[in-house]
Amino acid sequence: METAVAPPAAPTPVLSGPPRPRVGVTGMTAALPPRPPGAVTGSRPALPPEPDEPDFPTERRGSSSPPDRRAPPPAPATLPSVIVAPPDRRGPGPSQYSGPDRRGGAASPQYSGPERRTPRRSGEEGGAGPGDRFWPSQPRTLGETGLNTTFVEELVLKALFFAGEMRGMDIAARLQLPTALVDDVIEGLRRQKYIDIRGGGGSGVGKSTMIYQLTTFVTDVLRQVLDRNRYNGPAPVPFLEWAAAVKKQTVRGNRITRARMQDKFGDLIIKDYIFDGIGPAMNSGRAIFFYGPPGNGKTAICQGMVNCFDGDIFIPHAILIDDFVVRIFDANLHKVVEDEPGTSPYDRRWVRCRRPLVVVGGELTLEMLDLVYSPEVKYYEAPFQMKASNGMLLIDDFGRQKVSPKDLLNRWIVPLESDIDMLTLHTGKKLQVPFDVFAAFSTNLDPSDLVDDAFLRRVRYKLEVQRPDEEQFHDIFQVMCRKRGVPYNAAAVDYLIDAHYRPVGRPFAACQPRDLLDQVIDMAHYQGQEPRLTTELLDSAVRGYFVRFDKDKPAGTSASAR
């Protein structure tokens with residue numbers, strides 16, 4: 001550890017580049033100190049250079065001549081509010097982005113609508129990446145990441161703060177950036193005396209195996225960094241790059257055939273009219289509305305539908321909107337795809353995943369459909385529809401949410417019509433984001449009590465999921481017996497229907513064979529028997545499964561079971 005040196009009376013700028021403007025965040029535990037008049041713009045205390053060691057910003061390391069220290073640094077760029085403009089109805093056209101992103105300008109990112117444009121960062125040749133698909137090329141310079149040096153330096157400082165000490169290669173893995181880029185940033189922080197080398201990693205040579213830790217000079221700087229946000233993870237992707245990637249990986253315009261769908265639904269027993277109803281809807285990528293009695297496979301159908309879409313997609317760990325980080329990748333929702341041998345290198349800030357299926361039910365509220373800001377960590381979690389981008393979003397049990405169906409439908413009308421969603425930052429700024437989602441609404445309530453004509457006009461496909469007939473009931477029982485490892489007995493299923501369905505007029509439901517078979521297995525294990533379809537076990541399963549609670553009975557009386 002290097003010895004602390006008292007800073008001079010007049011501080012000099014030591015930032016690696018022009019400082020980013022500090023955007024006010026509600027919930028901050030400490031405010032930045034006011035800058036005195038005439039002070040040089042910067043947020044980090046300066047230290048005198050070591051003898052015989054040049055003191056220059058890391059961003060100018062490759063310069064042929066030393067910078068003029070007497071010249072004041074350029075004024076920081078301001079971040080104007082996002083300008084919300086109506087979508088262009090004239091169809092695809094040239095980009096309408098309002099200005100440059102964080103690479104070289106001050107304009108805030110603005111998504112202009114559903115134009116089909118190839119993203120700026122295209123794939124490299126060779127391996128699995130070539131072709132028309134989106135393939136995020138691996139950045140070779142810090143400028144290609146879309147992030148400035150100061151932002152990456154702050155990510156390195158936070159990584160070391162939360163870990164205590166880290167090797168250079170581990171810092172690069174945490175940021176998901178190439179080791180060479182992170183080594184340059186670490187070297188710049190060393191020159192500023194904010195980090196120091198503790199020792200080697202015991203294997204290999206080079207900066208990546210060195211163990212780094214924070215110095216005492218970084219205390220004030222780190223406090224200011226943590227007051228802005230405590231995000232500690234992979235480096236984010238600029239908003240405009242993510243918006244362009246969503247367009248490139250669109251879920252619209254598929255070419256799904258009946259034969260292909262039958263292979264993707266596995267053992268699910270589906271009537272022909274179901275295939276004929278969902279096939280065209282999937283090819284359009286537009287919304288679909290399922291209705292019908294409960295327990296007949298509406299959710300299972302949606303899970304099979306998402307398997308029909310082509311290929312995999314790239315989802316960023318996080319994106320950067322102005323000065324705010326928004327986390328998108330969710331390990332609970334996104335299924336990672338392993339790289340094949342010979343795969344072309346790509347930007348590891350993106351995760352290669354299958355097209356997601358995001359299911360939300362009765363817990364859904366309007367607040368959950370906007371950016372979720374945490375005052376404790378001071379960054380955002382993306383809403384469900386952003387996490388479902390380029391995939392499928394199922395609003396299950398529609399009509400059972402705490403919010404009224406009318407308010408919930410009004411929230412979806414604009415995105416379904418224009419492919420643009422409107423989100424709000426906690427500062428009040430409005431933001432346009434792409435809405436490239438195959439939305440499905442599912443309900444077992446009466447649709448006439450839930451939806452109006454305006455909603456039905458925007459949801460072009462409606463499909464009733466009907467109950468299975470007796471033949472399908474047998475087929476479902478046979479499939480479930482095979483999955484559970486129980487010998488199928490058609491005579492026992494006939495007994496079940498004749499004894500417990502026909503006499504009382506009980507309707508079939510697609511979920512009943514699975515549920516009854518699970519109870520048969522549980523009862524057999526309790527009795528120390530091998531699970532089999534017998535009349536005795538089926539009678540026990542029916543007594544515990546089909547129970548009718550009579551509201552007219554006085555309290556304390558037993559429920560009647562049929």
Side-chain angles (χ1 to χ4, degrees), residues 119 121-124 126-139 145-146 155 159 163 169-179 182 231-239 241-251 254 263-266 299-300 302-320 325-360 372 379-394 433-434 436-438:
R121 302 180 66 231
S122 58
E124 298 178 351
D132 192 39
R133 65 167 297 182
F134 172 75
W135 194 267
S137 59
Q138 191 175 37
T145 66
L155 290 177
M169 64 178 66
D170 296 331
I171 298 175
R174 173 68 61 84
L175 273 58
Q176 293 295 326
L177 292 174
T179 304
V182 176
Y231 175 76
N232 178 33
V237 173
F239 170 82
E241 289 193 10
W242 171 74
V246 170
K247 295 177 184 178
K248 186 67 174 180
Q249 302 176 125
T250 180
V251 76
N254 288 276
D263 294 336
K264 298 296 183 180
F265 280 81
T299 304
C302 293
Q303 292 171 345
M305 291 170 65
V306 76
N307 296 329
C308 298
F309 292 114
D310 280 328
D312 49 68
I313 60 174
F314 285 94
I315 298 173
H317 283 280
I319 62 175
L320 191 66
V325 177
V326 181
R327 284 202 323 175
I328 293 184
F329 175 76
D330 190 332
N332 297 320
L333 301 176
H334 300 123
K335 298 181 179 180
V336 179
V337 175
E338 299 295 333
D339 294 331
E340 305 88 355
T343 300
S344 296
Y346 59 88
D347 190 344
R348 292 294 171 170
R349 295 177 298 167
W350 300 78
V351 186
R352 193 176 177 187
C353 305
R354 299 182 61 182
R355 291 188 183 269
L357 169 63
V358 179
V359 182
V360 292
V372 181
Y379 60 82
Y380 289 94
E381 190 75 21
F384 289 119
Q385 65 271 23
M386 281 185 70
K387 294 183 178 182
S389 293
N390 303 132
M392 187 169 180
L393 175 65
L394 170 61
V433 299
D436 193 273
V437 174
F438 181 29

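Using modelled atom types, one side-chain atom of R355 and one backbone atom of N390 make a donor-acceptor pair closer than 3.5 Å. Of the possible donor and acceptor atoms, one in the side chain of H334 sits under 3.5 Å from a partner among the backbone N and O of K387. A donor-acceptor pair under 3.5 Å links the side-chain atoms of Q176 to the main chain of A173, judged by distance alone. Side chain of S389 to main chain of M386: a donor-acceptor pair is present (N/O by atom type, distance under 3.5 Å, no hydrogens or angles). Using a distance-only test at 3.5 Å, with no hydrogens or angles considered, a donor-acceptor pair links the side chain of R349 to the main chain of T145.
Of all heavy-atom pairs between P356 and V306, the closest is O-CG2, 3.6 Å. Between I319 and P236, the shortest heavy-atom contact is C-CB, 3.7 Å. Nearest heavy atom pair, residue V325 against residue A318, reads CG1-CB, 3.9 Å. Closest approach of A245 to W350, counting heavy atoms only: CB-CH2, 3.5 Å. Scanning both residues, F265 and C308, for their nearest heavy atoms gives CE1-SG, 3.8 Å. Nearest heavy-atom pair, P178 versus P139, reported as atom, atom and distance to 0.1 Å: CG-O, 3.5 Å.
When the salt bridge (charged side-chain N to carboxylate O under 4.0 Å, His left out) test is applied to D170, the partners found at least two apart in sequence or on another chain are R167. Partners of D339 according to the side chain to side chain donor-acceptor pair (under 3.5 Å) rule, which considers only residues two or more places apart in sequence or in another chain, are Y346, R348, R352.
Atoms OG1 and CD, from T343 and E338 in turn, are 10.5 Å apart once rounded to the nearest 0.5 Å. Note: F438 CZ to T250 OG1 = 12.0 Å, rounded to the nearest 0.5 Å. Here the CD1-CH2 distance, from I315 to W242, works out to 10.5 Å after rounding to the nearest 0.5 Å.
Annotation: side chain of L320 is not in contact with side chain of Y231 (no heavy-atom distance under 4.5 Å). The side-chain heavy atoms of P316 and D347, taken from C-beta on, include no pair separated by under 4.5 Å. P234 has its side chain out of reach of F329: every pair of non-hydrogen atoms, C-beta onward, lies at least 4.5 Å apart. In this structure the side chain of V251 never reaches within 4.5 angstrom of the side chain of V437, judged on heavy atoms.
Ring geometry for F314 versus F134: interplanar angle over 60°, hence perpendicular rather than tilted (30 to 60°).
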Salt bridge (charged side-chain N to carboxylate O under 4.0 Å, His left out) assessment of R133 paired with D312: CA-CA 10 Å; R133 65 167 297 182; D312 49 68; 2.8 Å; yes
Verdict with supporting geometry, D330 and F384, side chain to side chain contact (heavy atoms under 4.5 Å, CB included): CA-CA 10 Å; D330 190 332; F384 289 119; over 6 Å; no
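For the side-chain contact (heavy atoms from CB on, under 4.5 Å) criterion with Q385, the lone passing option out of V433, L393, D436 is L393.
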